[in-house]
**Student:** 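Pasting a structure here, questions to come.
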Amino acid sequence: MRLDKRADDQLRPIKIQLNVIKQALGSCYFEMGKTRVIAATYGPQEVHPKHIEESDKCILMCNYNMLPFSVDGNRKKPGYDRRSVEISKVVREALEPAVFTEEYPRCAINIDMQIIQADAGTRVAAINATSLCLCCAGIAMRDIVVSVAVGRANKKILVDLTKQEEDADDAIDMPIAIMPREKKITLLQMDGIASIDEIKEIINKSFIACDELSKIHRAVLNKNISNI
Ligand code: UDP
């Protein structure tokens, strides 16, 4: 039994609220246990600076930020750092294959993600929130993108690790994002050292957890938006 009483394969409780920001085209509050994020989408709109625009597709401009009060212990230094630049990049790369970018040439779609509370898995929560945001904004998409971190802690393979589990001595953390319809992986990162068998088990469990997540996402979208 885990400290929060979950089974090894169990996701943390998920809470989703769509269109929480009035002035954004699409927005989403996404909660996975104690990890909480708000994401908002603006555009398609003109690209700034102009020289980065692409003539045959739009660019996704993703900005991940962790708020100073989001972490345990000391306040996080405000503003962007190397970690937020890396996570902004991996979120963009996880989403891009799902978006019909060619439908919006010379445009930018801006996606802002604010982590309001962090208990591990903030990048996967941000990917879930941004995919839902794009759906709310009516952006043409091949599929939704769902994401979860599966890893090892205390010699067990665990789904959706908390910060305490991630801090175990033997921890491995593997955030993964999937387009569920095509079963295509759009993000795979790993912290720690794992055997081939462990990697296979982690990937299998990630697919099962993502399947469950995709049902939750589709149910929320069906309830809020027609024609999904
Ligand atoms: N964290 C923190 N301060 C920081 C960065 C991260 O306390 O400046 C914590 C936070 O709980 C975060 C966790 O460490 O969720 C794991 O961070 P990681 O970089 O592995 O990314 P994440 O798992 O959030 O995607």
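Just so you know, ligand 1 is whichever comes first in the structure, and atom 1 is the first atom listed for that ligand.
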**Student:** Does Arg142 make a cation-pi contact with Phe100 (under 6.0 Å, within 45 degrees of the axis)?
**Tutor:** yes
**Student:** Short list, please: which atoms of ligand 1 are under 4.0 Å from a heavy atom of Lys163?
**Tutor:** 9 (C), 11 (O), 13 (C), 14 (O)
**Student:** Under a 3.5 Å cutoff, is there a donor and acceptor pairing between the side chains of Arg123 and Gln189?
**Tutor:** yes
**Student:** Any donor-acceptor pair under 3.5 Å linking the side chain of Arg106 with the backbone of Val47?
**Tutor:** no
**Student:** What is the closest protein heavy atom to atom 23 (O) of ligand 1, and at what distance does it sit?
**Tutor:** Gly121 N, 2.9 Å
**Student:** Any idea which protein heavy atom is nearest atom 10 (C) of ligand 1, and the distance to it?
**Tutor:** Ala118 CB, 3.7 Å
**Student:** When you compare the side chains of Ser88 and Tyr80, does any donor N or O come within less than 3.5 Å of an acceptor on the partner?
**Tutor:** no
**Student:** Give a yes or no on whether Asp56 atom CG has more than 12 heavy-atom contacts from other residues, nucleotides or ligands under 6.0 Å away.
**Tutor:** yes
**Student:** Would you call Pro175 a ligand 1 contact, heavy-atom distance under 4.0 Å?
**Tutor:** no
**Student:** So, regarding Asp191 and ligand 1 (criterion: nitrogen or oxygen to nitrogen or oxygen, under 3.5 Å), is there a contact or not?
**Tutor:** no
**Student:** Which atom names give the shortest non-hydrogen contact between Leu25 and Asn19, and what distance separates them?
**Tutor:** O-OD1, 4.3 Å
**Student:** Starting from atom 17 (O) of ligand 1, find the nearest protein heavy-atom neighbour and note its residue, name and distance.
**Tutor:** Arg83 NH2, 3.4 Å
**Student:** What residue and heavy atom of the protein are closest to atom 4 (C) of ligand 1, and at what distance?
**Tutor:** Met66 SD, 4.0 Å
**Student:** Looking only at distance, does Lys76 have an N or O less than 3.5 Å from an N or O of ligand 1?
**Tutor:** no
**Student:** What residue and heavy atom of the protein are closest to atom 24 (O) of ligand 1, and at what distance?
**Tutor:** Thr122 OG1, 2.5 Å
**Student:** Would a distance-only check, ignoring hydrogens and angles, find a side-chain to backbone donor-acceptor pair under 3.5 Å from Thr122 to Ala118?
**Tutor:** no
**Student:** With distance as the sole test, does Gln117 use its side chain to make a donor-acceptor pair with the main-chain N or O of Lys34 at under 3.5 Å?
**Tutor:** yes
**Student:** Is any N or O atom of Ala120, backbone or side chain, closer than 3.5 Å to an N or O atom of ligand 1?
**Tutor:** yes
**Student:** Tell me: protein heavy atom nearest atom 7 (O) of ligand 1, and distance?
**Tutor:** Val71 CG1, 3.3 Å
**Student:** So if I count the atoms of ligand 1 from 1 in the order they appear, which ones are less than 4.0 Å from some heavy atom of Glu166?
**Tutor:** 16 (C), 20 (O), 23 (O)
